[in-house]
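Okay, handing you the structure first.
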Amino acid sequence: MRDLGVGETHRRSWCMLLTLTGIVAVSNIFSINLYLSKHITSLSDNKKDLGWSPPIDANFTAAGKNETLLTENLAACDILVTSQGGVGSSSFLEQLSKYARANSPSDQDGLKHKAASCWKSHNSSSINGYGRCFTKVLVLIGDPLHTIESTWRRFHAVHLNKLRSGCNKVGDPYEENISLHEIYSEMLDVGKDMTGIDQYVQSWYKASQDRSNWPEIKIVTSQTIYDNAVEFARWLGVNDEDLRHFSGFSYDTSKMHSIHPDVTKSERVRLNEMFENVTRIAELVTEIH
């Protein structure tokens, strides 16, 4: 047998050592992957047992497989209260949130002023998106000019920009320090609503008329909701023993707008004409209740 020599012997020993190290490494990786696979499967099964399901993307449609996903866990869904702003939705929603699961009264989740067109995934049982699902929708509407003046006085352009540059974008966001006179002047110049209120109200009214593709939606004026708070709380799922907490609501006419000094009576007439669709819808839903 040929003498390999010390150098050749060391070389072959190193090769064998590296080979064995590689085999051990591959074996460890396989074991780790097998463990993780079993562990993740176990976590998934546990979440299913708890009624958990992953949130459905807001861009899903309400057809086929996605419709099944929407309706498989309705018990985990909430109530959506949405409004054009300046119509008293915060006070009602704050009270409702004590006795039913709903969206944020202070709009921390960004859902309180979204138009129906923002919700791309919906069917006759629920709407789904932004990591949430809702089986009933209450929409509060009212005088558009009061909405503009009330929200501008409290938030300047912040609230109006949610409607103006949201899903139904009607223009670039207002400048933070825009004046009410500038907001109205733009509308008077172009001859139409530039705040997004008109599109917001019309989108929800259209959805409310399409029960085959949308869940239960009730559109009400602020006067209707405040004069019938107990009735609507019951419809939204508040238990009978808690309905007494809604009996103190009443509509306060003193909180309605006064004519802004920079707007003449004739200009105000023109501005109101731009919201004739909102006025018509408000009259229709008031007749229903």
Worksheet item: Below 4.5 Å, heavy atoms only, C-beta onward: do Val220 and Leu138 meet side chain to side chain?
Response: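 Touching, per the 4.5 Å side-chain cut-off.
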Discussion item. For Cys133, is there any backbone N or O sitting under 3.5 Å from a side-chain donor or acceptor partner on Ser126?
Written reply: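 Judged by distance alone, no pair lies under 3.5 Å.
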Worksheet item: Run the side-chain contact (heavy atoms from CB on, under 4.5 Å) check on Lys136 and Asp78 step by step: do they pass?
Response: CA-CA 8 Å; Lys136 288 184 177 180; Asp78 301 330; over 6 Å; no
Practice prompt. Measure from NZ or CZ of Lys114 to the centre of the six-membered ring of Tyr130, then state whether that distance is under 6.0 Å and the direction lies within 45° of the axis.
Written response: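 Yes - Lys114 lies over the ring of Tyr130, closer than 6.0 Å to its centre and within 45° of its axis.
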Discussion item. Less than 4.5 Å apart, side chain to side chain, heavy atoms only: is that true for Asn123 and Asn213?
Written reply: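 Result no, sub-4.5 Å side-chain heavy-atom pair not found.
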Worksheet entry | Audit row: His181, Ser185, side-chain contact (heavy atoms from CB on, under 4.5 Å) steps and yes/no | CA-CA 6 Å; His181 176 73; Ser185 293; 3.4 Å; yes
Worksheet entry | Heavy-atom pair of closest approach, residues Asp107 and His113 |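 So the two residues come closest at OD2-CD2, 3.7 Å.
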Worksheet entry | Least distance between heavy atoms, Pro144 atom then Ile197 atom |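 Nearest heavy atoms, Pro144 then Ile197: O-CD1, 3.8 Å.
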Practice prompt. Would you kindly say whether Tyr200 and Thr82 are connected by a side-chain donor-acceptor distance under 3.5 Å?
Written response: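 Looking only at side-chain atoms, Thr82 and Tyr200 do form a donor-acceptor pair, the distance falling under 3.5 Å.
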Item to complete: Could you grab the distance from atom CH2 of Trp235 to atom CD1 of Ile79, nearest 0.5 Å is fine?
Response: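 These two atoms lie 8.0 Å from each other.
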Fill in: Nearest heavy-atom neighbours spanning Arg244 and Ser247
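Shortest heavy-atom contact: O-OG, 2.7 Å.
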Fill in: Check: Asn128 and Phe134 side chains under 4.5 Å, non-hydrogen atoms
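Contact flag for Phe134/Asn128 side chains = no.
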Discussion item. Applying side-chain contact (heavy atoms from CB on, under 4.5 Å) to Val137 and Glu216, what does each step give before you reach the verdict?
Written reply: CA-CA 6 Å; Val137 184; Glu216 285 188 89; over 6 Å; no
Item to complete: First locate atom CZ of Phe246, then atom CG of Asn228, and finally report the distance between them rounded to the nearest 0.5 Å.
Response: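 The distance works out to 13.5 Å.
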Worksheet item: Could Glu231 and Lys218 be called an ion pair, given the rule that one side-chain N must be under 4.0 Å from one carboxylate O?
Response: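 Salt bridge absent between Glu231 and Lys218.
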Practice prompt. Could you pull out the closest heavy-atom pair between Thr151 and Gly86, with the gap in Å?
Written response: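 The answer is CG2-N, 3.9 Å.
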Worksheet item: So, for Ser208 and Ile219, which heavy atoms are closest and what is the spacing to 0.1 Å?
Response: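 Here Ser208 and Ile219 meet closest at OG-CD1, 3.8 Å.
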Item to complete: Evaluate the side-chain contact (heavy atoms from CB on, under 4.5 Å) criterion for residues Leu271 and Met187: first the C-alpha distance (whole Å), next the side-chain angles of each, then the deciding distance (0.1 Å), finally the verdict.
Response: CA-CA 7 Å; Leu271 289 167; Met187 293 170 59; 3.9 Å; yes
Fill in: Sub-4.5 Å side-chain heavy-atom contact between Ile127 and Pro215
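Sidechains of Pro215 and Ile127: in contact.
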Worksheet entry | Donor on one side chain, acceptor on other, Thr279 and Asn277, under 3.5 Å |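 No pair is found: no donor N or O on one side chain lies under 3.5 Å from an acceptor on the other.
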Worksheet item: Can you get from Leu163 to Val190 by hopping between Ile, Leu, Val, Met, Phe, Trp and Tyr side chains that sit under 4.5 Å apart?
Response: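 Yes: a chain of side-chain contacts under 4.5 Å links Leu163 to Val190.
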Discussion item. Checking Arg154 against Ser150: is there a side-chain donor and acceptor pair closer than 3.5 Å?
Written reply: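 Yes, because at least one side-chain N or O of Ser150 sits under 3.5 Å from a partner of the opposite role on Arg154.
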Worksheet entry | Plane angle bin for Trp204 and Trp214 - parallel if under 30°, tilted between 30 and 60°, otherwise perpendicular |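 Rings of Trp214 and Trp204: perpendicular, over 60°.
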Worksheet item: Does Gln84 reach the main-chain N or O of Gly142 with its side chain, forming a donor-acceptor pair under 3.5 Å?
Response: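 Present.
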Fill in: Hphob cluster co-occupancy, Ile183 + Val158, side-chain heavy atoms under 4.5 angstrom
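No; tracing contacts between hydrophobic side chains, which count when under 4.5 Å, never links both residues.
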Fill in: Tyr251 OH to Ile225 CD1 distance, which is reported to the nearest 0.5 Å
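Spacing of OH (Tyr251) from CD1 (Ile225) equals 13.0 Å.
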Practice prompt. For residues Ser165 and Pro173, determine if any side-chain heavy atom of one lies less than 4.5 Å from a side-chain heavy atom of the other.
Written response: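 Side-chain contact under 4.5 Å: yes.
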Item to complete: Using a strict 4.0 Å threshold on nitrogen-to-oxygen distance, state whether Lys192 and Asp198 make a salt bridge.
Response: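 The answer is no: the pair does not qualify as a salt bridge.
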Item to complete: Please determine, by modelled atom types, if Asp193 and Thr195 share a side-chain donor-acceptor pair under 3.5 angstrom.
Response: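 Yes.
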Practice prompt. Kindly indicate, with the supporting measurements, whether the criterion salt bridge (Lys or Arg N to Asp or Glu O under 4.0 Å) is fulfilled by Arg280 and Glu273.
Written response: CA-CA 11 Å; Arg280 179 178 57 84; Glu273 289 174 349; over 6 Å; no
Fill in: Pairwise distance OH(Tyr99) to CG(Asn239) - rounded to 0.5 angstrom
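Here the rounded value is 11.0 Å.
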Worksheet item: More than 12 heavy atoms of other residues, nucleotides or ligands under 6.0 Å from CD of Gln209: is that the case?
Response: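 Check passes, neighbour count above 12.
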Practice prompt. Check for a donor-acceptor pair, side chain of Asn103 on one end and backbone N or O of Leu111 on the other, with a separation under 3.5 Å.
Written response: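 Not confirmed, Asn103 side chain does not pair with Leu111 backbone.
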Worksheet item: Between Ile148 and Phe155, is there a shared hydrophobic cluster once you connect ILVMFWY residues whose side-chain heavy atoms come closer than 4.5 Å?
Response: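 No, Ile148 does not connect to Phe155 through the hydrophobic network.
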Discussion item. Using side-chain heavy atoms (C-beta onward) and a distance below 4.5 Å, is Ser117 in contact with Cys167?
Written reply: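 With C-beta onward as the side chain, the pair touches.
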Fill in: Student check: side-chain heavy atoms of Ile217 and Tyr205 closer than 4.5 Å
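SC-SC contact between Ile217 and Tyr205 ruled out.
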Worksheet entry | Lys169 backbone acceptor or donor facing Arg164 side chain under 3.5 Å |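 Absent.
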Discussion item. I'd like to know if the side chain of Tyr226 and the backbone of Gly88 have a donor-acceptor N/O pair within less than 3.5 Å.
Written reply: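 Flag set: sc Tyr226 to bb Gly88 pair under 3.5 Å.
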Fill in: Backbone N/O of Ser91 and side chain of Glu94: donor-acceptor pair under 3.5 Å
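A pair under 3.5 Å: no.
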Worksheet item: Atom CH2 of Trp119 and atom CZ of Arg132: how far apart are they, to the nearest 0.5 Å?
Response: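 Spacing of CH2 (Trp119) from CZ (Arg132) equals 7.5 Å.
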Worksheet entry | Contact summary for Ala100 and Leu236, nearest pair of heavy atoms |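 Heavy atoms only, the tightest pair is CB-O, 4.5 Å.
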Worksheet entry | Flag side-chain contact, heavy atom, 4.5 Å: Leu243 against Asp240 |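 The answer is yes, as the side chains (C-beta and beyond) meet within the 4.5 Å cut-off.
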Worksheet item: Is Val170 reachable from Met274 through a run of hydrophobic residues whose side-chain heavy atoms are each under 4.5 Å from the next?
Response: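 No: no chain of side-chain contacts under 4.5 Å links Met274 to Val170.
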Worksheet item: With a 4.0 Å cut-off, would you call Arg268 and Glu149 a salt bridge?
Response: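 Looking at Glu149 together with Arg268, the answer is yes, because their closest N to O distance falls below 4.0 Å.
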Discussion item. Within this structure, what is the NE2-NZ distance for the pair His159 and Lys112, rounded to the nearest 0.5 Å?
Written reply: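 If we round to the nearest 0.5 Å, His159:NE2 and Lys112:NZ are 8.5 Å apart.
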Fill in: Donor-acceptor contact below 3.5 Å, side chain His156 vs main chain Ile178
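Checking the backbone N and O of Ile178 against the side chain of His156, no donor-acceptor pair under 3.5 Å is found.
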Worksheet entry | Residues Ser179 and Glu182: side-chain donor-acceptor under 3.5 angstrom |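 On atom types as modelled, these side chains qualify, holding a pair under 3.5 Å.
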